[in-house]
Every structure is written in structure tokens, then in C-alpha cells.
J.: 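Mind looking over this structure? Questions follow.
Quick note on labels: first sequence line is chain A, next is B, and so on, each numbered from 1.
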2 protein chains.
Amino acid sequence: MATQHTPQDQEPAGRQRTRRSPAPHERQRDAERTKARILDAAVEVFSAKGFDRARVTDIAERAGVNQQLISYYFNSKEGLYREIGRRWRAYEAETMPDDLDFAEQIKHGVRASVDPRLGGRLLAWDGLYDTGEDDEEARERNAQFQHEVQVLRERQRAGEIDDRFDPAALILIGLSAGNALAVYPHLARGLFDTDTVSPELVEHYAEQLAQVISSLSAVAPPRVPDSHK
Amino acid sequence: MATQHTPQDQEPAGRQRTRRSPAPHERQRDAERTKARILDAAVEVFSAKGFDRARVTDIAERAGVNQQLISYYFNSKEGLYREIGRRWRAYEAETMPDDLDFAEQIKHGVRASVDPRLGGRLLAWDGLYDTGEDDEEARERNAQFQHEVQVLRERQRAGEIDDRFDPAALILIGLSAGNALAVYPHLARGLFDTDTVSPELVEHYAEQLAQVISSLSAVAPPRVPDSHK
DNA sequence: GAGTTAATCAAATCTCAGTTTGATTATTCT
DNA sequence: AGAATAATCAAACTGAGATTTGATTAACTC
């Protein structure tokens with residue numbers, strides 16, 4: 001149990017960061033600043049290495065702070081990881097561009113997936129580590145995805161995409177394929193015969209995937225499932 | 001360094017397992033048998049938990065053997081992991097059904113991905129853990145995927161799939177989407193609003209994905225990439 | 001059937017990495 | 001200014017878990 005007086009959920013939602021006096025704009029100690037630095041470093045490291053291989057020392061170094069501050073501000077490595085998840089979900093929820101068409105959204109997804117600062121790989125790590133338990137995070141995520149399903153369903157009604165497809169399936173397909181360069185970089189290198197996943201490759205792949213998705217609007221005759229052969 | 005006389009690459013390719021005398025068909029000690037048991041257990045555990053979270057004790061327990069035998073037969077946890085990779089690649093190479101059409105192959109992939117004995121998730125673990133180095137395993141894998149690309153290209157020529165698509169991209173899309181239920185079970189539960197990835201869900205998803213792929217044969221007008229808007 | 005080798009096991013060891021402890025200042029409050 | 005509190009750090013602690021060590025005995029050879 002932490003004997004040191006940890007802070008824990010400060011800043012009651014809507015208040016100014018600079019707590020009381022503005023103070024020399026170059027403080028050497030600033031809780032918010034260091035927390036932010038730790039979080040930024042953590043996203044990159046967790047995303048790149050996954051929870052288990054991520055080293056607390058590594059995160060601290062990149063953040064330029066003492067390792068102990070991670071325990072101090074986030075209780076533990078796991079606490080830090082959860083915090084990242086929370087922030088990411090909030091970020092996603094508010095920045096998801098609703099005006100683009102499905103194919104275009106997925107292109108965005110491909111680009112985002114390979115940005116180390118955005119941690120698109122975290123989704124895959126979480127899925128692989130998943131144990132099936134139904135905690136708060138899970139409910140939050142479910143609500144979010146249920147919403148996505150609704151949005152896509154409306155678009156199907158509007159004719160943007162053939163409505164014989166199950167929207168949930170389409171989202172899963174788009175999302176997983178969109179993440180592919182980030183999740184399977186080794187396969188990508190082999191398939192595209194290159195020794196690195198370059199920005200050009202990212203664009204090319206995004207374009208191809210978008211095209212696949214687009215081809216679902218003017219869809220082919222939906223072959224009767226099963227029953228033949 | 002192992003001071004105990006470890007075996008290492010025995011059985012020179014094409015020889016009978018029962019080394020010399022058939023012996024009582026119920027031996028209590030049998031190297032091949034225990035190795036096989038360890039490998040089977042290892043696939044399940046590594047696939048489910050990933051390398052880092054897999055516990056050597058756990059594998060040994062499932063295999064019903066003493067933990068130390070893992071070091072004895074495979075040198076280390078990592079040695080065991082590599083061995084699994086080798087075997088899996090060999091297995092894939094020889095059992096890939098070439099007669100099915102692309103969509104049907106992918107359906108197979110979906111089913112295989114959720115079978116814990118087949119370890120489809122290993123591909124995702126490997127990708128996430130990937131460091132970009134070009135070792136023997138990588139070359140082996142690359143060759144295999146290059147071959148897949150060729151096969152698909154021929155099928156495109158044969159008209160099975162629109163040849164304006166990049167075969168490498170299509171394979172990556174099919175493979176990543178095919179693995180989605182195994183890699184993102186948490187999202188799947190949220191999207192399909194269920195609390196478990198049931199066999200019915202697997203079939204449903206496989207069907208949907210196959211349909212998406214099928215719709216690429218009679219493809220929509222390939223909108224000119226970029227340049228507009 | 002005696003001796004050698006291979007297979008197996010239980011317990012000791014060792015290392016890595018996250019967390020705690022116990023100072024040491026910067027900041028802020030009065 | 002002086003006291004109180006918050007932020008920071010370096011070093012010690014600890015636990016988990018893979019690997020080693022050192023027996024023990026089944027199986028095979030001659």
C-alpha cells in the first residue's frame with residue numbers, strides 16, 4: 001500500500017491547470033507537465049512493445065523523469081496502462097470524423113494505425129490479452145461500438161453501402177484490415193517485398209483497402225450462402 | 001550453458017520414431033511422446049497468452065510432464081517457441097488447400113483462427129513483437145507469402161478476382177480480417193452484442209467476409225485514386 | 001544381469017523488473 | 001521569512017519465473 005501521499009484524481013473536471021499562482025513560466029516541478037510526459041512516452045512504449053515487454057524504466061527515460069514517478073502518479077504500471085486506455089477512448093469518441101464516408105474513414109484508420117504516437121496497436125494488444133471479463137472498460141467500449149454499428153446501419157439505409165451486409169461484420173473487417181500494417185508488419189514486408197513499411201506503402205495499402213470497401217456499394221450478386229456444392 | 005547432455009536435432013529426417021526395439025507399447029519414458037505433448041500444450045498456451053504471459057510451468061502441467069523437460073528438450077522457453085513456429089510454417093505450407101477459391105480459403109482461415117489447437121493468434125503475436133530483423137524465419141515466411149502472391153495473381157488473370165487489385169494487399173486484407181475474431185474478441189463481443197464468440201458467430205462472420213471477398217470479382221468501377229477533392 | 005545411457009524429477013539458484021522506502025528540494029501558504 | 005506540502009529522486013526490497021544442479025530410475029546394450 002502506498003504510504004506516500006499520492007495525489008489521485010485531482011483537477012475536478014473543469015478547472016484551470018495552473019493551480020493558484022501562475023508562477024515562473026518555467027517551473028522545474030510541475031505535476032501536470034510530468035504526468036503528460038509520462039503518458040506520451042507510455043503510449044509509444046506500450047504500443048510498440050505491449051504491456052509485458054514495456055519497461056517502466058524505458059518509459060521514465062523517454063519522459064525524462066524518475067522512474068518512481070510512475071508509481072507516484074499512476075500507482076503502478078498497470079494503472080498507467082489503464083489511464084492510457086481511458087484517454088484513448090475519450091479521444092476516439094470525440095475526434096471520430098462523422099462526415100467522411102466509410103471508405104474514407106478506413107483510410108484514416110490505416111494512417112493512424114502506423115503512427116506510433118497514436119497507439120493503434122493497443123487495440124490488438126488488448127484483444128490478444130483479453131480474458132472475456134466484463135468490466136467498466138468493456139462496457140464503455142461496447143457502447144462506443146454499438147454506436148458505430150448504428151451509424152453504419154443508417155448509411156446502409158442511405159444507400160452508401162449494400163445493406164445485405166451485417167454492419168457489425170463490416171466494421172470488424174474494416175478495422176482489422178485497417179490495422180493490418182501495424183499488427184502484421186512482418187507479413188507486410190514479405191508480401192510487398194520491401195524491408196520496411198514505408199509511408200508510400202501505407203498510402204498504397206490504404207488506397208487498396210478503401211477500394212475494396214467502396215466496391216461494396218455497387219455490390220455483386222450476393223451468392224446464396226451455403227447450400228451449393 | 002547446458003551441462004546436461006541435451007539431445008538436440010535427433011531423428012535425421014526420414015526415420016522411424018521407435019528407435020530400436022518396439023518395446024512394450026506402453027513405455028513410461030518416451031522422448032518423442034513427451035516432446036509432442038509439450039509442443040501441443042505449448043501451442044495452446046503461447047497462442048492464448050502470448051510469449052511473455054505464457055508460463056513454462058503451465059505448459060509443463062498441461063503436457064503432464066516435469067517443467068525441467070522443456071529446457072531439456074528445447075533449451076529454453078524461447079527455443080520451444082521457435083520450434084513451434086517452424087512446425088507451424090511447415091504445416092501451413094503442406095496443408096494449404098490450393099483447390100478452393102479465394103473466398104472459400106478465407107472462410108477456412110476464419111474457422112482455423114479460433115481453434116485453440118491451431119494457434120492462429122501466433123501470427124498476430126509475432127507481428128506485434130516483430131522487430132524488423134531479417135533472420136532465417138523471416139526469409140522462410142517471406143518466400144511462403146511471395147508464393148501466395150503469385151498464386152493469387154494467376155487467379156486474377158484467370159478472372160476469379162478483379163486484377164486491378166494488388167494481390168499482396170488482398171492477401172493482407174483477407175488474412176487480417178480472417179483473424180479478426182481471434183485477435184479482437186473484445187471488439188467482436190461488443191459489435192455483435194454477445195458475451196462470447198460462439199461457433200455460430202464464427203460461421204456468420206466467415207460468411208460475411210467471404211461475401212465481401214466474392215464481391216471483388218464483379219467489381220465496381222475503380223474510382224480513380226486521389227486527384228479528386 | 002551388469003553397466004551405460006537417456007529420460008525424468010524436485011529443489012536450489014539467479015536475474016530481471018516493478019514497487020517501496022526514505023531522503024531531498026521546490027513551491028506555496030500565512 | 002518560516003512552516004507545510006507537493007514533486008522529485010536514488011537506492012533498497014521483493015517476488016515471480018526461467019534456468020541449473022544434482023539426484024533417481026527406466027530402458028537399452030552386450
J.: Between Tyr72(B) and dA7(C), is there a side-chain N or O to OP1/OP2 distance below 4.0 Å?
T.: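 Result: yes.
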
J.: Please state how far atom CD in Glu78(A) lies from atom P in dA17(C), giving the value in whole angstrom units.
T.: 18 Å

J.: Does the side chain of Ile59(B) reach to within under 4.5 Å of the side chain of Leu80(B), using non-hydrogen atoms?
T.: yes

J.: Please list residues of residues 37-54 of chain B whose heavy atoms come under 4.0 Å from any atom in DNA chain D, ordered by number; otherwise none.
T.: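 Here the set is Ala54(B).
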
J.: Ile59(A) has an atom CD1; how far is it from atom P of dG18(C), in whole Å?
T.: 8 Å

J.: Could you pull out all residues at least two apart from Gln28(A) that satisfy side-chain hydrogen bond (donor to acceptor under 3.5 Å, both in side chains)?
T.: none

J.: Could you tell me whether the side chain of Leu128(A) reaches within less than 4.5 Å of the side chain of Tyr184(B), counting heavy atoms only?
T.: no

J.: Between Trp125(B) and Tyr129(A), is the ring centroid distance below 6.0 Å?
T.: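 Centroid separation for Trp125(B) and Tyr129(A): below 6.0 Å.
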
J.: Which whole-number value in Å describes the distance from Tyr73(B) OH to dT19(D) C1'?
T.: 17 Å

J.: Measure from the side chain of Leu69(A), starting at C-beta and using heavy atoms only, and say which of dC9(C), dT19(D), dT8(D) lies closest.
T.: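 Within the option list, the nearest is dT8(D).
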
J.: Between dT20(D), dA10(D), dA18(D), which one does the side chain of Gln68(B) approach most closely?
T.: dT20(D)

J.: For residues 39-48 of chain B, dump all side-chain donor-acceptor pairs below 3.5 Å to protein atoms at least two apart in sequence or in another chain.
T.:
none

J.: Taking the side chain of Thr34(B) as heavy atoms from C-beta outward, which of dT19(D), dT8(C), dG18(C) is closest to it?
T.: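 Of all the options, the side chain of Thr34(B) is nearest to dT8(C).
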
J.: Write down the distance between CD (Glu61(B)) and C1' (dG17(D)), rounded to a whole number of angstrom.
T.: 14 Å

J.: Please state whether the phosphate of dG17(D), meaning OP1 or OP2, lies under 4.0 angstrom from any side-chain nitrogen or oxygen of Arg55(B).
T.: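 The answer is yes; a side-chain N or O of Arg55(B) sits under 4.0 Å from OP1 or OP2.
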
J.: With rounding to the nearest 0.5 angstrom, report the OH to CD distance, Tyr73(B) to Glu83(B).
T.: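 Reported to 0.5 Å precision, the distance equals 13.5 Å.
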
J.: When you compare the protein's N or O atoms with those of nucleotides 12-15 of chain C, which come within less than 3.5 Å of each other, and at what distance?
T.:
none

J.: Within less than 4.0 Å of OP1 or OP2 of dA18(D), is there a side-chain N or O belonging to Ser71(B)?
T.: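 It does not, given that no N or O in the side chain of Ser71(B) lies less than 4.0 Å from OP1 or OP2 of dA18(D).
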
J.: Quick check for you: among dA18(D), dA7(C), dA7(D), whose closest atom lies nearest to any side-chain atom of Val56(B)?
T.: dA18(D)

J.: The side chain of Lys77(A) lies closest to which of these nucleotides: dG18(C), dA7(D), dT25(D)?
T.: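 Of the candidates, dG18(C) comes closest.
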
J.: Can you find a donor-acceptor N/O pair under 3.5 angstrom joining the side chain of Arg27(A) to the base of dT27(C)?
T.: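 Donor-acceptor pair under 3.5 Å: no.
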
J.: Among all residues two or more places apart in sequence or in another chain, which pass the salt bridge (Lys or Arg N to Asp or Glu O under 4.0 Å) test with Glu137(A)?
T.: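 Expected list: Arg82(A), Arg89(A).
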
J.: Answer whether the closest heavy-atom distance between the side chains of Phe192(B) and Leu172(A) falls below 4.5 Å.
T.: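 Counting from C-beta outward, Phe192(B) and Leu172(A) do come under 4.5 Å.
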
J.: Quick check: does any side chain N or O of Arg55(B) sit under 3.5 Å from a backbone N or O of Asp52(B), one acting as donor and the other as acceptor?
T.: yes

J.: In whole Å, I'd like the distance from the CZ atom of Phe74(B) to the P atom of dT19(D).
T.: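 Those two atoms, CZ and P, are 13 Å apart.
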
J.: What pairs meet the side chain to side chain donor-acceptor pair (under 3.5 Å) rule with one or both residues in residues 187-201 of chain B, with sequence neighbours excluded?
T.: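 Residue pairs with at least one partner in residues 187-201 of chain B: Asp130(A)-Arg189(B), Ser198(B)-Glu200(B).
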
J.: Among the nucleotides dC28(D), dA18(D), dA26(D), which one has an atom lying closest to any side-chain atom of Thr57(B)?
T.: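 That would be dA18(D).
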
J.: Given atom CZ of Arg29(B) and atom P of dA26(D), what is their separation to the nearest angstrom?
T.: 6 Å

J.: Select one nucleotide: of dA7(D), dA10(C), dA6(C), the one nearest the side-chain heavy atoms of Asn66(B).
T.: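 Out of dA7(D), dA10(C), dA6(C), the nucleotide with an atom closest to Asn66(B)'s side chain is dA10(C).
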
J.: Could you state the CG-C1' distance from Asp30(A) to dT28(C), rounded to the nearest angstrom?
T.: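 Rounded to whole Å, this separation is 14 Å.
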
J.: Round to the nearest Å and state the distance from Gln67(B) atom CD to dA18(D) atom P.
T.: 7 Å

